[in-house]
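All remarks here apply to the structure that follows.
Here is how names work: the chains are called A, B, and so on, in the same order as the sequence lines, proteins then strands, and each is numbered from 1. Quick caveat: nothing in here was measured; it's all calculated off a predicted structure.
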There are 2 protein chains.
Amino acid sequence: MTSTGTKNPRERYRAQVRTEIKERAWEQIATAGASALSLNAIAKQMGMSGPALYRYYAGRDELITELITDAYRSLADTLHSTATATATSDADAGAGAGLAALAHAIRAWALADPQRYFLIYGTPVPGYHAPDDTTAISSEIMAILLDACAALPSDGPATPFDRHLEEHREWAGDHPASPAALHRALSFWTRVHGVLSLELAGHFTGMGIDPAQLFAAELDDLLAR
Amino acid sequence: MTSTGTKNPRERYRAQVRTEIKERAWEQIATAGASALSLNAIAKQMGMSGPALYRYYAGRDELITELITDAYRSLADTLHSTATATATSDADAGAGAGLAALAHAIRAWALADPQRYFLIYGTPVPGYHAPDDTTAISSEIMAILLDACAALPSDGPATPFDRHLEEHREWAGDHPASPAALHRALSFWTRVHGVLSLELAGHFTGMGIDPAQLFAAELDDLLAR
DNA sequence: TCGTCTAGTTATAACTTCTAACGAACGCGT
DNA sequence: ACGCGTTCGTTAGAAGTTATAACTAGACGA
């Protein structure tokens with residue numbers, strides 16, 4: 001902490017108010033969705049009147065952007081924890097234990113607050129451009145997935161997409177994973193998201209099937225490729 | 001047409017205005033997202049002043065609900081067309097030609113208007129309950145998928161999820177598909193949606209990979225199970 | 001032709017985001 | 001310890017939004 005860490009009481013209070021604003025915002029989003037988020041309502045809930053909130057956030061967009069970043073950060077931290085936790089219990093389970101643990105961690109994180117998940121992976125606003133920190137966290141998440149995929153054996157011949165990935169591995173940074181591992185990471189991401197997104201949106205309700213079992217089946221199939 | 005088909009000019013005009021309202025609504029949604037849809041702006045665009053629009057739609061929710069239903073209808077019609085088209089060119093291609101054609105039809109339909117896709121499969125509004133006709137169209141779509149899946153051979157042993165589906169096949173109606181076919185239809189749905197949703201939301205932009213190739217790879221893997 | 005039903009109008013209420021101008025309090029440096 | 005400046009919170013207000021109410025003008029059918 002060189003210049004301004006958390007010392008002066010002005011900044012302490014400011015940070016405290018900002019976090020309380022975000023807490024109220026998360027409550028509103030969880031119950032009514034992000035589109036129903038009202039800065040006015042938050043201000044009134046906190047006992048201050050309307051425009052006072054603009055001292056802390058320049059506007060709705062800035063608040064939502066920070067919520068998105070926080071959501072990304074939360075997901076990345078969760079996955080990092082499970083990754084290190086399963087790395088500790090090394091070879092007691094199968095090779096796919098790491099990926100399976102990540103999958104269930106993602107699902108639990110999403111089910112805990114579906115709207116938080118949709119804030120990241122839901123309907124995008126046409127004009128919106130994600131800030132750099134979210135893309136950084138996103139590649140951080142991909143790195144975790146790649147670590148787990150690199151621990152798996154890759155049998156079977158290389159697919160055309162594997163060859164495509166061989167020439168397009170910018171997104172993996174300098175991760176030393178095989179094209180098959182890159183492929184499995186992408187497939188993991190899309191398949192987990194596919195089941196999860198439909199489940200959270202309620203598209204399975206009334207169908208009679210158990211989303212958890214469908215999720216597990218997709219995971220098994222991915223691991224048994 | 002027993003009582004009121006499309007005869008009297010009053011109803012003709014009314015239907016015409018309603019469709020024009022929906023056209024303007026689609027334009028707004030395509031460019032700025034569903035949350036930015038403004039009834040007032042639509043009314044002014046059409047030359048009438050504000051509340052006049054409420055003669056045609058009781059409110060924002062009713063308009064959006066009808067847009068969702070129309071989107072479902074459009075998707076179902078598209079898939080029905082491709083299903084019959086590929087059924088005509090019977091055995092000239094492999095067994096998975098039907099499913100592959102459906103997958104590409106879905107993707108083309110989604111790419112044509114991403115926000116329309118997200119209106120169906122995007123972020124749900126927490127309180128919102130879909131009307132019965134949309135669930136009916138949804139099962140109509142599932143029936144098309146099941147037809148294509150039933151045409152495929154199902155090698156491999158039955159998975160635990162197959163056994164789960166054997167006891168929970170309400171959603172398939174009275175479709176005579178094997179549990180493996182039910183499984184493949186669900187997997188098709190979730191995997192297509194997984195890739196497509198992330199692609200349309202722009203989560204692959206900047207990664208360097210070609211979403212079309214990832215989509216094709218997922219489809220190939222599903223067909224080669 | 002006349003009556004009714006409908007479409008459009010304005011006015012209004014209750015919201016929203018966000019800007020501007022003002023006052024008061026807090027805390028830092030002297 | 002005291003002033004001065006930064007910051008916070010206020011009210012007022014503009015420009016939007018959804019939606020309702022009351023009224024007018026028109027078209028359609030009998």
Side-chain angles (χ1 to χ4, degrees), chain A residues 1-22 24-25 27-29 31-68 125-128, chain B residues 1-29 31-68 125-128:
Chain A
M1 323 303 179
T2 55
S3 56
T4 58
T6 171
K7 274 233 158 187
N8 46 346
R10 227 79 188 263
E11 287 195 2
R12 283 192 71 85
Y13 178 71
R14 182 176 180 81
Q16 185 179 336
V17 173
R18 279 175 72 105
T19 58
E20 183 175 348
I21 290 173
K22 288 196 282 187
R24 310 277 184 163
E27 294 172 9
Q28 283 195 11
I29 288 176
T31 59
S35 63
L37 188 143
S38 163
L39 299 191
N40 233 322
I42 293 177
K44 284 182 183 173
Q45 273 185 6
M46 293 177 62
M48 55 183 175
S49 204
L53 207 141
Y54 286 79
R55 297 287 171 188
Y56 300 93
Y57 288 97
R60 231 184 90 103
D61 289 359
E62 189 178 300
L63 174 57
I64 291 187
T65 297
E66 189 161 318
L67 293 176
I68 293 176
V125 176
Y128 184 78
Chain B
M1 326 303 180
T2 56
S3 56
T4 58
T6 173
K7 274 234 157 186
N8 45 345
R10 229 75 189 267
E11 286 196 1
R12 281 193 72 86
Y13 178 72
R14 181 175 180 83
Q16 183 179 336
V17 173
R18 281 175 71 106
T19 58
E20 183 175 350
I21 290 173
K22 288 196 283 187
E23 287 172 7
R24 309 277 184 162
W26 280 120
E27 293 172 9
Q28 283 196 11
I29 288 177
T31 60
S35 63
L37 188 143
S38 164
L39 298 192
N40 232 322
I42 293 175
K44 284 183 183 173
Q45 274 185 5
M46 294 178 61
M48 56 183 174
S49 205
L53 205 143
Y54 286 80
R55 297 285 168 184
Y56 299 94
Y57 287 98
R60 232 183 90 102
D61 289 359
E62 190 180 296
L63 174 57
I64 290 185
T65 298
E66 190 161 318
L67 292 176
I68 293 176
V125 177
Y128 184 78

inquiry  = Quick check on dG8(C): is either OP1 or OP2 less than 4.0 Å from any side-chain nitrogen or oxygen of Y56(B)?
reply    = yes

message = Would the base of dG9(D) count as contacting R55(A) through its side chain, where contact means a donor and an acceptor less than 3.5 Å apart?
response = yes

query = Nearest to the side chain of N40(B), which nucleotide is it out of dG9(D), dT17(D), dT7(D)?
reply = dT17(D)

ask   = Does the R18(A) side chain pair with the main chain of Y57(A), one donor and one acceptor, at a distance under 3.5 Å?
value = no

remark   = Y57(B) OH to dG8(C) P, in whole Å, measures 14 Å

query = Whole Å only: how far is the CD atom of E62(B) from the P atom of dA19(D)?
reply = 10 Å

ask   = Got Y128(B) and D61(B) here, is their nearest side-chain heavy-atom distance under 4.5 Å?
value = no

ask   = Looking for any heavy atom pair under 4.0 Å, which part of the strands does L63(A) touch: base, sugar-phosphate only, or nothing?
value = nothing

ask   = Is R10(B) touching bases, backbone alone, or none of the nucleic acid, heavy atoms closer than 4.0 Å?
value = base

message = Starting the side chain at C-beta, find the nucleotide from dG27(C), dA19(D), dG9(D) nearest to R60(B).
response = dA19(D)

query = Does R14(A) have a side-chain nitrogen or oxygen under 4.0 Å from the phosphate oxygens OP1 or OP2 of dT7(D)?
reply = no

inquiry  = dG8(C), OP1 or OP2 - any side-chain N/O from S49(B) closer than 4.0 Å?
reply    = no

Whole-Å gap separating C1' (dA11(C)) and OH (Y54(B)) = 15 Å

inquiry  = For G50(B) versus N40(B), what's the shortest heavy-atom pair and its separation?
reply    = CA-OD1, 3.5 Å

note = Here the distance between atom C1' of dT11(D) and atom NZ of K44(A), to the nearest Å, is 14 Å

remark   = Atom CG of L39(A) and atom C1' of dT17(D) are separated, to the nearest Å, by 15 Å

key: Nucleotide nearest M48(B) when distance is taken to its side chain, options dC8(D), dC5(C), dG8(C)   = dG8(C)

remark   = For Q28(B) and L37(B), the nearest pair of non-hydrogen atoms, with its separation, is OE1-CA, 3.4 Å

query = Under 4.0 Å between a side-chain N or O of S38(B) and OP1 or OP2 of dG16(D)?
reply = no

request  = Starting from P on dC8(D), measure out to CG on L53(A) and report it in whole angstrom.
outcome  = 12 Å

request  = Please state how far atom CD in E20(A) lies from atom P in dC8(D), giving the value in whole angstrom units.
outcome  = 15 Å

query = Under the 3.5 angstrom rule, does the side chain of R24(B) hit a backbone N or O of A43(B) as a donor-acceptor pair?
reply = no

request  = For N8(A) and dC8(D), give me the distance from atom CG to atom P, rounded to whole Å.
outcome  = 11 Å

key: Minimum-distance nucleotide (side-chain atoms of P51(A) versus dT11(D), dA7(C), dG29(D))   = dT11(D)

